[in-house]
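On a predicted model such as this, the values are computed, not experimentally measured, just so you know. A, B, ... follow the sequence lines: proteins, then strands. Residue 1 opens every chain.
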There are 2 protein chains.
Amino acid sequence: MAATGGEKPKRDTYRHGDLRNALLEAALELARQGGPEAVVLRAATRQAGVVPNAAYRHFADRDALLHAVSQAAMARVARTMEAEQAAVPPAEDPAAAARARFRAVGTGYLRFAQEEPGLFRTAFHVPGDMTHAAAGTAAGATGKTPFELLGEALDGLVDAGLLAEDRRPGAEFLAWSAVHGLAVLLIDGPLRGLHPTQTHDAGQHVIDMIERGI
Amino acid sequence: MAATGGEKPKRDTYRHGDLRNALLEAALELARQGGPEAVVLRAATRQAGVVPNAAYRHFADRDALLHAVSQAAMARVARTMEAEQAAVPPAEDPAAAARARFRAVGTGYLRFAQEEPGLFRTAFHVPGDMTHAAAGTAAGATGKTPFELLGEALDGLVDAGLLAEDRRPGAEFLAWSAVHGLAVLLIDGPLRGLHPTQTHDAGQHVIDMIERGI
DNA sequence: CGCCCTTGTGTACGATGTCCACATTCAGAG
DNA sequence: CTCTGAATGTGGACATCGTACACAAGGGCG
């Protein structure tokens with residue numbers, strides 16, 4: 001019994017009915033624990049209770065599957081950021097509110113990176129092209145991608161008078177660089193295995209730097 | 001003739017003489033063009049004109065080989081940073097000199113990322129552990145690792161009175177985060193394919209942000 | 001000169017991505 | 001309601017990879 005992995009779904013109908021989705025789900029789970037390189041086509045089909053080749057009816061090749069997983073992971077990043085923003089206490093001062101919303105973007109991003117390192121790495125794994133980070137499939141509940149969320153938060157800073165207009169252009173790349181870099185450091189860099197509280201502090205420090213230096 | 005790849009070295013001696021090095025060299029080239037996933041053990045042995053298993057006399061497994069390549073790549077990062085520092089014109093004002101040396105660290109780092117994306121990605125590819133970035137094998141000509149070079153540059157800023165002492169602790173992680181994040185953006189993020197001059201500007205902007213926000 | 005440890009060889013196995021031909025089924029045209 | 005074609009799964013096969021095990025070659029030290 002130990003020989004047969006842990007896949008359950010014994011189909012009785014010839015058709016699966018929802019293979020594409022099942023494969024995506026299985027692949028997402030693989031990515032969750034093991035990152036992009038753990039997304040192996042045959043494993044996904046196994047989990048879905050189907051023969052390896054069946055996958056080719058729904059994905060051109062392994063890369064296409066991985067790409068779909070990447071998009072899904074990116075969408076989760078967006079959702080985590082949205083959740084973080086939603087959690088910020090209702091603001092009195094509009095400037096304080098704009099600032100809180102901006103910080104929530106970075107905090108959410110970093111939180112996701114720590115909580116789901118496998119998915120995080122998969123989201124940003126794109127050999128050759130990552131422009132798709134702005135694609136529709138990468139959007140969260142509000143229909144916005146992580147980049148769009150960041151952009152809006154920055155606009156909010158400008159509106160609130162916290163960021164000079166002439167500093168606005170290109171600011172997303174400054175902010176994104178810093179936060180993403182820290183995320184990498186935390187996930188598999190020298191800052192790995194930091195205590196959660198220290199991790200949070202590190203994140204706040206980086207965001208402080210961004211606010212000062214942007 | 002087209003069937004046999006492009007490997008030349010027809011050995012006549014049974015012993016290779018310098019296999020470990022040959023493998024490392026071949027693997028480095030593979031990484032240079034194709035990143036970490038392109039480092040395939042069999043390809044390296046093929047290039048070295050030796051049977052696949054021979055590699056196991058010098059590396060425990062593919063991961064060990066990849067690790068060695070990663071270290072070598074990291075050393076090149078260090079050398080590029082050193083070169084960038086060496087190129088800064090002799091300073092009059094000590095403060096300006098410290099500042100220039102600091103900026104050179106970031107600029108060199110970014111330059112390497114653009115010029116050798118494959119090696120750059122390989123240098124920072126470490127599934128599980130990246131603490132080795134501070135290991136001796138990762139050092140450049142002066143025997144210092146990228147992290148150490150950054151640390152020294154920051155110390156220089158403090159000595160020159162450009163950075164408050166109480167801001168010094170942990171500053172390397174702020175700076176590293178920002179620069180590394182930008183490097184990733186430039187290599188396979190939305191900033192990929194930017195014009196070299198724009199690329200340089202982006203780098204300077206990020207370093208500006210660091211100086212202001214650190 | 002002879003022994004043995006190091007280094008390279010041969011053969012083999014399991015896993016993976018992918019191709020091609022075939023089987024099964026669903027859905028719509030008549 | 002039946003027939004038929006387009007979707008969807010299946011089976012079998014192949015090249016490539018990492019790696020294990022047993023064997024061969026040969027260099028260095030007694």
Side-chain angles (χ1 to χ4, degrees), chain A residues 2-27 29-31 34-70 122 125 127-128, chain B residues 2-27 29-31 34-70 122 125 127-128:
Chain A
T4 62
E7 71 290 343
K8 335 263 182 68
K10 291 295 184 201
R11 232 169 341 126
D12 49 344
T13 55
Y14 184 81
R15 299 297 225 262
H16 179 288
D18 196 24
L19 222 205
R20 182 185 160 98
N21 231 280
L23 289 176
L24 197 49
E25 211 66 30
E29 179 55 26
L30 289 174
E37 55 272 12
V39 174
V40 31
L41 195 150
R42 289 178 101 109
T45 60
R46 232 172 282 142
Q47 170 69 22
V50 95
V51 99
N53 285 338
Y56 289 86
R57 299 297 177 190
H58 303 273
F59 299 95
D61 54 11
R62 186 212 174 225
D63 247 31
L65 171 60
L66 184 52
H67 192 267
V69 174
S70 172
T122 306
H125 160 96
Chain B
T4 62
E7 70 290 345
K8 335 260 182 67
K10 291 294 183 198
R11 232 170 338 128
D12 48 343
T13 54
Y14 183 82
R15 299 299 226 263
H16 178 289
D18 195 25
L19 223 204
R20 181 184 160 101
N21 231 278
L23 290 175
L24 197 49
E25 211 64 31
E29 180 55 25
L30 290 174
E37 55 272 13
V39 174
V40 32
L41 195 149
R42 289 177 102 111
T45 60
R46 231 173 282 144
Q47 171 70 21
V50 95
V51 101
N53 285 339
Y56 289 86
R57 298 297 175 190
H58 303 274
F59 299 95
D61 54 11
R62 184 210 175 229
D63 247 32
L65 172 61
L66 185 52
H67 192 267
V69 174
S70 171
T122 306
H125 161 95

Note: for B:R42 and A:V50 on DNA chain D, the residue whose nearest nucleotide lies more 5' is A:V50

*Backbone N/O of A:R42 and side chain of A:R62: donor-acceptor pair under 3.5 Å*: no

- Query: Do B:T122 side-chain atoms and B:S70 backbone N/O form a donor-acceptor pair below 3.5 Å?
  - Reply: no

Next on the checklist: If you go through the side-chain atoms of A:N53, does one of them form a donor-acceptor pair with the base of D:dG12 closer than 3.5 Å?
Outcome noted: yes

In this structure, how many angstroms lie between the [atom2] atom of [N] and the [atom1] atom of [X], rounded?
X     : N      : atom1 : atom2 : value
A:F59 : C:dT16 : CZ    : P     : 18 Å
B:L41 : C:dG8  : CG    : C1'   : 14 Å
B:D18 : C:dT6  : CG    : P     : 18 Å
B:E37 : C:dG17 : CD    : P     : 15 Å
A:L30 : C:dT16 : CG    : P     : 11 Å
A:L19 : C:dC26 : CG    : P     : 15 Å
A:L66 : C:dT18 : CG    : P     : 11 Å
A:L23 : C:dT18 : CG    : P     : 14 Å

State whether [X] places a side-chain N or O below 4.0 Å from either non-bridging phosphate oxygen (OP1 or OP2) of [N].
X     : N      : answer
A:Y56 : C:dT18 : yes
A:H58 : D:dG9  : yes
B:R57 : D:dA25 : no
A:R46 : C:dT16 : yes

d(B:H58 NE2, B:L23 CG) to nearest 0.5 Å is 6.5 Å

The reported gap from CZ in A:F59 to CG in A:L24 (rounded to nearest 0.5 angstrom) is 5.0 Å

Considering only heavy side-chain atoms of A:R62, the closest of D:dC17, C:dG17, D:dT19 is C:dG17

- Task: Would you mind classifying the nucleic acid contact of A:V51 as base, sugar-phosphate or nothing, using non-hydrogen atoms under 4.0 angstrom?
- Result: base

Practice item. Would you indicate whether the side-chain heavy atoms of A:H125 and A:L66 approach each other to under 4.5 Å? Key: yes

